[in-house]
Amino acid sequence: MEENKEIMETEEVGAEEMNAEVLKKDTYVPRPKWQIVAAWIGVGIVAAGFLLWCWQIATAGGI
C-alpha cells in the first residue's frame, strides 16, 4: 500500500512539473519557412497530378 502512495505522489509531482513547463512556453510558435515552402510545393505537385489525370481521361478516346 505504501509503495502505491509513493508512486502516486511521484506521478503528481511529475504532472505538476509538466504543467509548469507547458505554461512557460510561448502560446504560438510559427512554423519554419522550409515547412511552408515544402507544403506549397506539395500542393503544386498534387494539383499538377490532378490536372494531368483529368487531361489523360479527357484524351483517352477509344475505351
Side-chain angles (χ1 to χ4, degrees):
M1 279 303 254
E2 289 180 25
E3 292 176 2
N4 290 340
K5 285 183 182 180
E6 289 176 16
I7 292 172
M8 297 269 297
E9 288 173 2
T10 55
E11 287 178 359
E12 288 177 11
V13 171
E16 289 173 8
E17 290 174 1
M18 293 285 284
N19 288 337
E21 282 185 34
V22 169
L23 292 175
K24 284 181 188 175
K25 290 185 178 182
D26 293 334
T27 56
Y28 175 74
V29 178
R31 290 196 176 272
K33 292 287 184 194
W34 70 267
Q35 285 184 345
I36 296 169
V37 171
W40 279 109
I41 290 171
V43 168
I45 290 170
V46 170
F50 178 73
L51 292 174
L52 287 171
W53 178 57
C54 289
W55 181 60
Q56 187 246 346
I57 291 171
T59 60
I63 299 177

Could you tell me which residues satisfy side chain to side chain contact (heavy atoms under 4.5 Å, CB included) with Tyr28, sequence neighbours excluded, listed by chain and number? Pro30
Quick note, side-chain hydrogen bond (donor to acceptor under 3.5 Å, both in side chains) partners involving residues 29-51, not counting sequence neighbours, are Arg31-Gln35
Linked hydrophobic residues, Val37 as query - side chain contacts closer than 4.5 Å: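 Members alongside Val37: Ile41, Ile45.
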